[in-house]
Protein chains: 2
Amino acid sequence: MALGKDYSTQQCSIARALEIVGERWTLLVVRDAFYGVRRYNDFLSHLGVPRAVLATRLKSLEQAGILEKRRYQESPPRDEYVLTERGIALWPVVRSLGVWGREHIEGVLPMRVFTHAACGTELGSYGECPACGTAVPPRDVEMLPGRGLDPDPDNPVGRALLAPRRLLLPIETDRV
Amino acid sequence: MALGKDYSTQQCSIARALEIVGERWTLLVVRDAFYGVRRYNDFLSHLGVPRAVLATRLKSLEQAGILEKRRYQESPPRDEYVLTERGIALWPVVRSLGVWGREHIEGVLPMRVFTHAACGTELGSYGECPACGTAVPPRDVEMLPGRGLDPDPDNPVGRALLAPRRLLLPIETDRV
DNA sequence: CATGGTGAGTTCGTTCATTGAACCTTCAGC
DNA sequence: GCTGAAGGTTCAATGAACGAACTCACCATG
């Protein structure tokens, strides 16, 4: 989306939301953050986004209070990007997009399956648990690889995401 | 989003979905379609989108099977754009974006309030009816103007959206 | 001490999309 | 025959995205 990105004529919270998360790549960065990606280079290799664009998006997500940049080692100084509560609140958006893509684009097989970790039930369209009848917070969501997933063995992040995992827990990349 | 729009490296239904609805303006067109906007000029004046962009978006939404172009009069031939079932299935996406925008962007007041028409209860964050405990399909949703709405008296579409309305029913613009 | 490698960026020229204004077309009504 | 409305298309200018190359700070190795 353009950086002349304001839908300024719009009296609408949807438009306000899209000004922040509606730019190209932004929601995919957020998705990866849910998957446990936290480091610049991991986002880079998993998304295939140009470096300059990634840097811009991380910066604006941080300014919007969706990601928090935190130092995880001094010397050399290294930061990781973690979802804030405001970022975690985007889960229904990410989830409903994924459901729609799977159900309404032809030829899309389930790539990843999301279940309520407590009971093992697959989540509904908004990320709720049909069995328990409650909204499942992302921390209680288990992600499993689906039938449609055709992994890229060359990508360490992709490899790490093959195992069942809790959302938001940091990935362990067995870097080569 | 760029028309070099493929997130081609992404094995992911979210990425597939964003290839279709992730471009600039697209989701706002869909939102307006939920609100009952159907005509080219109404989209144009309500969105403030450049004409060329609107034409492109309507075309790609039609190709994606989200909007259907249907003739509503011959001579002069006039078409309207209506959401298909696949388009209506985007409601959770639109709804969750609106909820997030209202709750997580500072200074955003509720612009529009959505209730379950059958019982009058305001929808929950997931688009469900808290009273009835069921997901409410868009056709059963009533939209009312909210406190934060500051209407533009010059816009016929904006005026039409001031009255309480069912989603998806066509607006009546008292064109001047 | 020189060399190489890694993580996290920035710079830069090219390509591509968005913008806004102007123009075009078909028809209806007067 | 003129005017106006609806629904577009065309065009030049601007602004983002892209991808490759470069920077910089630090650590490890010989």
Side-chain angles (χ1 to χ4, degrees), chain A residues 1-10 18-19 22-29 37-62 67 69-82 156-157 170-171 173-176, chain B residues 1-10 15 18-19 22-29 32 37-62 67 69-82 156-157 170-171 173-176:
Chain A
M1 188 155 312
L3 243 179
K5 68 189 160 195
D6 61 312
Y7 298 109
S8 46
T9 66
Q10 297 299 310
L18 287 172
E19 286 173 1
E23 289 174 295
R24 186 155 159 73
W25 295 110
T26 303
L27 273 176
L28 293 181
V29 171
V37 178
R38 296 185 167 193
R39 316 250 258 247
Y40 185 91
N41 272 356
D42 289 342
F43 284 112
L44 202 63
S45 73
H46 192 230
L47 291 173
V49 56
R51 308 175 83 87
V53 174
L54 179 61
T56 312
R57 293 298 182 274
L58 289 173
K59 217 165 285 174
S60 54
L61 282 171
E62 196 196 346
L67 291 179
K69 188 175 189 169
R70 63 162 80 133
R71 184 67 40 105
Y72 67 90
Q73 73 174 34
E74 312 284 341
S75 174
R78 290 286 179 266
D79 300 309
E80 60 184 4
Y81 296 88
V82 197
V157 179
I171 58 170
T173 51
D174 46 345
R175 291 179 180 75
V176 269
Chain B
M1 192 154 308
L3 243 178
K5 69 189 160 196
D6 62 311
Y7 298 109
S8 46
T9 67
Q10 297 299 309
L18 286 172
E19 286 173 1
E23 289 173 296
R24 185 155 161 73
W25 296 110
T26 302
L27 272 176
L28 292 181
V29 171
D32 270 16
V37 178
R38 297 185 167 192
R39 316 249 258 248
Y40 185 91
N41 272 355
D42 288 343
F43 284 112
L44 202 63
S45 72
H46 191 230
L47 290 173
V49 56
R51 307 177 80 87
V53 174
L54 179 60
T56 312
R57 293 299 182 272
L58 289 174
K59 216 165 286 174
S60 55
L61 282 170
E62 197 197 345
L67 292 179
K69 187 176 190 168
R70 64 161 82 132
R71 184 65 42 105
Y72 67 90
Q73 72 175 31
E74 311 286 341
S75 173
R78 290 287 179 263
D79 300 309
E80 60 185 6
Y81 297 88
V82 196
V157 179
I171 58 170
T173 50
D174 47 344
R175 291 181 179 74
V176 268

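This is a predicted model, so every value here is computed, not measured. Residue numbers begin at 1 in each chain, while the letters A, B, ... track the order of the sequences.
Here the P atom of nucleotide C:dA8 and the CD atom of A:Glu62 are 14 Å apart, to the nearest Å. D:dA6 atom P lies 14 Å from atom CD of B:Glu80, rounded to whole Å. Protein atom CZ of B:Arg38 is 13 Å distant from nucleotide atom P of D:dG7, rounded to whole Å. Here D:dG7 presents its P atom at 11 Å from CZ of B:Arg71, a figure rounded to the nearest Å. Per the geometry, CG belonging to B:Leu44 stands 10 Å off C1' belonging to D:dG8, to the nearest Å. Whole-Å rounding puts the B:Leu58 CG to D:dA6 P distance at 16 Å. Put simply, CG on A:Asp42 is 8 Å from P on C:dA8, counting in whole angstrom units. If you measure from atom OH of A:Tyr7 to atom P of C:dT19, you get 8 Å, rounded to the nearest angstrom.
Close to C:dA8, at under 4.0 Å from its OP1 or OP2, lies no side-chain N or O of A:Lys69. In terms of phosphate contacts, B:Trp25 brings a side-chain nitrogen or oxygen within less than 4.0 Å of OP1 or OP2 of C:dT19. Remark: B:Tyr72 is in phosphate contact with D:dG7, judged by side-chain N or O atoms under 4.0 Å from OP1 or OP2. Remark: B:Lys59 is in phosphate contact with D:dT9, judged by side-chain N or O atoms under 4.0 Å from OP1 or OP2.
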- Item | CA sep, side-chain torsions, deciding dist, call: B:Tyr7, A:Arg24, side-chain contact (heavy atoms from CB on, under 4.5 Å) | CA-CA 10 Å; B:Tyr7 298 109; A:Arg24 186 155 159 73; 3.2 Å; yes

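When the side-chain hydrogen bond (donor to acceptor under 3.5 Å, both in side chains) test is applied to A:Asn41, no partner is found at least two apart in sequence or on another chain. Here B:Lys69 pairs with B:Glu62, B:Asp79, B:Tyr81 under the side-chain contact (heavy atoms from CB on, under 4.5 Å) rule; sequence neighbours left out. Residues forming a side-chain contact (heavy atoms from CB on, under 4.5 Å) with B:Val49 (at least two apart in sequence, or on another chain): B:Trp25, B:Leu44, B:Leu47, B:Val53, B:Leu54. Take A:Pro77 and apply the side-chain contact (heavy atoms from CB on, under 4.5 Å) test, not counting sequence neighbours, and it matches A:Arg71.
Interatomic distance, CD1 of A:Ile171 versus CG of A:Asp42, reported as 4.5 Å (0.5 Å rounding). We find the CZ-OH distance between B:Arg51 and B:Tyr40 to be 4.5 Å, quoted to the nearest 0.5 Å.
Judged purely by distance below 3.5 Å, without hydrogens or angles, the side chains of B:Tyr72 and B:Arg38 never pair a donor atom with an acceptor atom.
Residue B:Phe43 is classed as having no contact, given no heavy-atom separation below 4.0 Å to the nucleic acid.
In terms of heavy-atom proximity, A:Ser45 sits nearest to A:Val157 at OG-CG2, 4.0 Å.
Along DNA chain D, the nucleotide nearest to A:Val53 and the one nearest to B:Asp79 differ in position, and the one closer to the 5' end is contacted by B:Asp79.
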Please tabulate the protein-to-nucleotide N/O contacts below 3.5 Å involving nucleotides 10-12 of chain D, giving atom names and distances.
none

- Message: Can you build the contact string for nucleotides 23-30 of chain D? Use B for base contact, S for sugar-phosphate-only contact, and - for no protein heavy atom under 4.0 Å.
- Response: ---SS---

